[in-house]
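Quick note: numbers below take in every heavy atom, side chains included, and nothing from hydrogens, waters or symmetry partners.
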Amino acid sequence: MAGTPTPEAAAARLCELSADARAAVLLDAAGAPIGCHGVTKSRSGDLAQLARALFETVDRAHRDMPGGPPEQAEVQVDGGTVYASRTPRWTLAVVARRNALSSLMLMDLRAVLAELEGGQPIRRATPAAERVASDEADAQAAAGESPVPELGVE
């Protein structure tokens, strides 16, 4: 999926970005499910309800804390981890494998939400074209890339 995703495709976009994502759901500001990926249509309502309940619980727990309600949450469950992030317009939640890296999952959530808000599209890395070079040229190039170039020179 290239460019800015539609709200209906945002959950699929998130799962495309992360190999650890199993299922995702996007809710609008009213808590209505807009898009879902990784679960059957009959189960999408269950996932949406769980995402709403997650932030309702987080908001109750943080109501007396300064700084306002948290924008993201992480919950460990028996079979994996649930990550969720929200903006004033959207809530995006994902069920991920247990070994998923929290910082990467939360970064992917924020990136997809930023795309929905009209921010920069997510850049995907592409492999550099292979070049034919001698071993000596590769050693010289590696020495030039060193933070201390003189260490690569004899």
task: Provide the full list of side-chain hydrogen bond (donor to acceptor under 3.5 Å, both in side chains) pairs with a residue in residues 18-28, sequence neighbours left out, each pair given once.
output: none

Which heavy atom of [X] sits nearest to which heavy atom of [Y], and what is that distance?
X: Leu106; Y: Ala84; value: CD2-O, 4.3 Å
X: Phe55; Y: Pro70; value: CE2-O, 3.9 Å
X: Cys15; Y: Ala24; value: SG-CB, 3.9 Å
X: Leu26; Y: Ala10; value: CD2-CB, 3.9 Å

- request: With sequence neighbours excluded, tell me which residues meet side-chain contact (heavy atoms from CB on, under 4.5 Å) with Leu101.
  value: Leu104

task: Go through the steps to decide whether Arg86 and Asp59 satisfy the test salt bridge (charged side-chain N to carboxylate O under 4.0 Å, His left out), and finish with yes or no.
output: CA-CA 12 Å; Arg86 63 183 170 181; Asp59 289 346; 2.5 Å; yes

- prompt: Same cluster or not: are Val25 and Leu109 linked, directly or through other Ile, Leu, Val, Met, Phe, Trp or Tyr residues, by side-chain heavy atoms under 4.5 angstrom apart?
  reply: no

message: Quick check: is Val58 connected to Trp90 through a chain of hydrophobic side chains (ILVMFWY, heavy atoms under 4.5 Å apart)?
response: no

- request: With side chain to side chain contact (heavy atoms under 4.5 Å, CB included) as the test, would you mind laying out the steps for Leu47 and Val95 before giving the verdict?
  value: CA-CA 9 Å; Leu47 187 56; Val95 178; 4.0 Å; yes

- request: Please lay out, stage by stage, how Asp108 and Leu14 fare under the test side chain to side chain contact (heavy atoms under 4.5 Å, CB included).
  value: CA-CA 7 Å; Asp108 287 346; Leu14 177 62; 3.7 Å; yes

Sequence neighbours excluded, which residues qualify as side-chain hydrogen bond (donor to acceptor under 3.5 Å, both in side chains) partners of [X]?
X: Arg110; result: Gln72
X: Glu74; result: Gln76, Ser102
X: Glu71; result: none

- line: d(Thr6 OG1, Glu8 CD) to nearest 0.5 Å is 4.5 Å

message: Using 0.5 Å steps for rounding, measure from the OG1 atom of Thr81 to the CG atom of Asn99.
response: 8.5 Å

Side chain to side chain contact (heavy atoms under 4.5 Å, CB included) between Leu92 and Leu27, worked out: CA-CA 6 Å; Leu92 185 56; Leu27 308 174; over 6 Å; no

task: Mind running side chain to side chain contact (heavy atoms under 4.5 Å, CB included) on Val82 and Leu54 for me, showing each step along the way?
output: CA-CA 9 Å; Val82 177; Leu54 172 63; 4.2 Å; yes

Show which side-chain atoms of residues 32-42 pair as donor or acceptor with protein atoms under 3.5 Å away, not counting sequence neighbours.
from	atom 1	to	atom 2	distance (Å)
Thr40	OG1	Ser42	OG	3.1
Thr40	OG1	Arg43	N	3.4

- request: Output yes when a side-chain donor or acceptor of Arg98 lies under 3.5 Å from a complementary backbone atom of Val77, and no otherwise.
  value: yes

